[in-house]
Amino acid sequence: MGFPLLFLVFFINGVFCAFYPKKAIFLFILLSVLIPTSSAFTNLTYSSGFFVIDAFFLALTIVLLIRIAILRKVHINIREILFFSLPIFIFTLYFLFSVLNNSFNLKILKEIRPILLLIETIVFIIFIRQVDFKVSFKTISKLAIIAAISNLFYFLILFFEIIVPSDIYYINNTYRYLDLSTYFSIYYIIHYFIIKENKFFTKSFYQSIALCFSFATIIVANSRFLILALFIALIFSNMSNYKLLIKRIFLGLIVVFLFIGVSYLLGAERVLNALNTDAIVMQLSNRYLPAILDIYKMQDIQKVFGYGLGHYFEIPWFDYRQNIENQNISVDCAYLTVYVKQGLLGILSLILTTHLLVSIKGVKHKVALIIFWGSMFIVSSSFYQIYPLGAVIYNAFLSTNEIT
């Protein structure tokens, strides 16, 4: 009952964009960071390859097409059209080839997630530009506080077993909580440091609280690489300012020590035991192995164009999880996943989609976000998951605001 109800709520929210566009967008952002979108709450927010948030974009796309027909203006430039059109064209070719050669199978719809994310990103960017959606950084900070508190709340619910997920994986991992609000918090942290560096705002109570809570969200996500990717982005986006570089390295070390301390208090042995280099290399090797074996078996033409859509990876360590297929749509590396499926064209699509996801004017800000995604792709096929929608949502603050 939960999924259909939330799906309807988000669809109605999207319809209201036709009548109260700015209020409807704000409500959408608020709802998105409030609901639990972690995979531990799959029954509530996910069904048959679709997330409840997709309902908002379905309605918004209809509203946007009507507005474009009336206004006769698209609000995107040639570069953005190219970055959008090429991945769509590549995906369409692969999809048609797969259907013609293997007949249509409902399982292939799982392949639509990355392209759906691309469509939702461009639709949202166009609409917020049409309605000139702008909010102050103070308001953004308040939303960041709400997003972080919601994450901490759901983390505590799972940790104290107030709600027990059906999947044994999440029962064994109650020391962590990760959903789209986590990525919303990451975007906020990067946004905060970029505009602070440029002295675009005076530090206030709301910004300080939002920053602390956002870091708390990152820590309870209990992902070593998430923290690493965040600070690589912050450090390498501005290497020329040595004073700032030292400050960010120092802050990164503090967050790492807090991360280790919290992991110890929560009894996250899996994380603590894997903090040495050998353990990390072993974990990555195991995660990459299904894709590496597929690459090893490739014929010459497949080394260029991949196996095609509908190719699945055999994940042997899913055996212990009931109701989870051993054949998975992706491995824990975006680069390997898209290369195995679509070869070099898949890598191109990944790059173009990422550039649209960091739609922002400021060069340092854009570089920081690109570095973050480029780092995360090493350990995550992010575009098959709900987490990047946190970035899509945060685009509402970056695409039209002058202070970015």
Side-chain angles (χ1 to χ4, degrees), residues 79-80 83 121 125 137 140-141 143-144 147-148 180-203 207-208 210-219 221 223-259 333-335 347 350-380 382-383 387-388 390-404:
R79 180 171 167 271
E80 289 170 329
F83 282 13
T121 299
I125 288 173
F137 193 67
I140 297 172
S141 298
L143 287 168
L180 73 78
S181 291
T182 308
Y183 279 62
F184 188 94
S185 295
I186 287 169
Y187 261 54
Y188 177 80
I189 292 169
I190 294 173
H191 193 180
Y192 174 94
F193 281 109
I194 294 295
I195 64 175
K196 182 186 177 185
E197 174 190 342
N198 295 326
K199 299 178 181 178
F200 283 148
F201 76 90
T202 303
K203 192 174 180 180
Q207 280 89 29
S208 299
L211 186 66
C212 291
F213 272 100
S214 295
F215 273 121
T217 298
I218 307 305
I219 290 171
S223 169
R224 294 153 295 173
F225 215 88
L226 200 65
I227 294 173
L228 181 62
L230 172 59
F231 280 98
I232 286 175
L234 287 174
I235 291 168
F236 286 93
S237 61
N238 189 358
M239 294 288 289
S240 58
N241 189 328
Y242 296 109
K243 185 178 178 181
L244 191 63
L245 183 67
I246 292 170
K247 282 183 178 180
R248 290 182 179 177
I249 291 173
F250 183 69
L251 178 61
L253 291 173
I254 291 174
V255 173
V256 168
F257 283 127
L258 285 173
F259 167 75
C333 176
Y335 302 115
I347 298 292
L350 182 68
I351 293 170
L352 296 179
T353 302
T354 305
H355 273 274
L356 275 182
L357 200 60
V358 296
S359 178
I360 189 170
K361 296 177 182 177
V363 175
K364 288 181 181 178
H365 201 160
K366 183 185 284 289
V367 169
L369 293 176
I370 289 174
I371 291 173
F372 169 75
W373 283 112
S375 301
M376 284 307 301
F377 290 155
I378 296 172
V379 295
S380 173
S382 305
F383 292 171
Y387 314 131
V392 174
I393 291 165
Y394 205 96
N395 268 338
F397 312 133
L398 302 179
S399 250
T400 57
N401 288 12
E402 292 300 322
I403 299 177
T404 55

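The residues of the chain are indexed from 1 along the displayed sequence.
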From CA spacing to verdict: side-chain contact (heavy atoms from CB on, under 4.5 Å), Val256, Phe231: CA-CA 10 Å; Val256 168; Phe231 280 98; over 6 Å; no
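- Across all non-hydrogen atoms, the minimal contact from Leu211 to Phe193 is CD1-CE1, 4.0 Å.
- Checked against side-chain contact (heavy atoms from CB on, under 4.5 Å), Ser214 has the following partners two or more places apart in sequence or in another chain: Ala144, Ser185, Tyr188, Ile189.
- The minimum heavy-atom distance linking Phe383 with Pro388 is given by the pair CD2-CG, 4.0 Å.
- The structure places CD1 of Ile235 at 5.0 Å from CD1 of Ile249, a figure rounded to the nearest 0.5 Å.
- Under the ring pair (Phe, Tyr, Trp, His ring centres under 6.0 Å) criterion, Tyr394 pairs with Phe184, Tyr187, His191, Phe397, sequence neighbours left out.
- In this structure Thr182 satisfies the side-chain hydrogen bond (donor to acceptor under 3.5 Å, both in side chains) test together with Asn151, sequence neighbours excluded.
- Scanning all heavy atoms of the two residues, the minimum distance from Val358 to Lys366 falls at O-NZ, 3.1 Å.
- In this structure, CG in Leu228 is found 9.5 Å from CE in Met376, a value given to the nearest 0.5 Å.
- Considering only heavy atoms from C-beta on, Leu398 comes within 4.5 Å of Asn395 through its side chain.
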Derivation of the side-chain contact (heavy atoms from CB on, under 4.5 Å) call for Ile351 and Phe377: CA-CA 11 Å; Ile351 293 170; Phe377 290 155; over 6 Å; no
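- When every heavy atom of Ala233 is checked against every heavy atom of Ile371, the shortest pair comes out as CA-CG2, 3.6 Å.
- Evaluation of the ring pair (Phe, Tyr, Trp, His ring centres under 6.0 Å) rule for Tyr183 yields Phe372, Trp373, Tyr387 as partners, not counting sequence neighbours.
- Residues satisfying the ring pair (Phe, Tyr, Trp, His ring centres under 6.0 Å) test with Phe83, not counting sequence neighbours, are His355.
- If you take CD1 on Ile393 and OG1 on Thr121, they are separated by 10.5 Å, rounding to the nearest 0.5 Å.
- Between the CG atom in Leu230 and the CD1 atom in Ile190 there is a gap of 5.5 Å [rounded to 0.5 Å].
- Ser237 contributes a side-chain N or O that, together with a main-chain N or O of Leu234, makes up a donor-acceptor pair within less than 3.5 Å.
- A search for ring pair (Phe, Tyr, Trp, His ring centres under 6.0 Å) contacts involving Phe213 returns nothing, not counting sequence neighbours.
- Rounded to the nearest 0.5 Å, atoms CD1 (Ile360) and CD1 (Ile125) are 11.0 Å apart.
- The OG1 atom of Thr354 sits 11.0 Å away from the CG atom of Leu369 when rounded to the nearest 0.5 Å.
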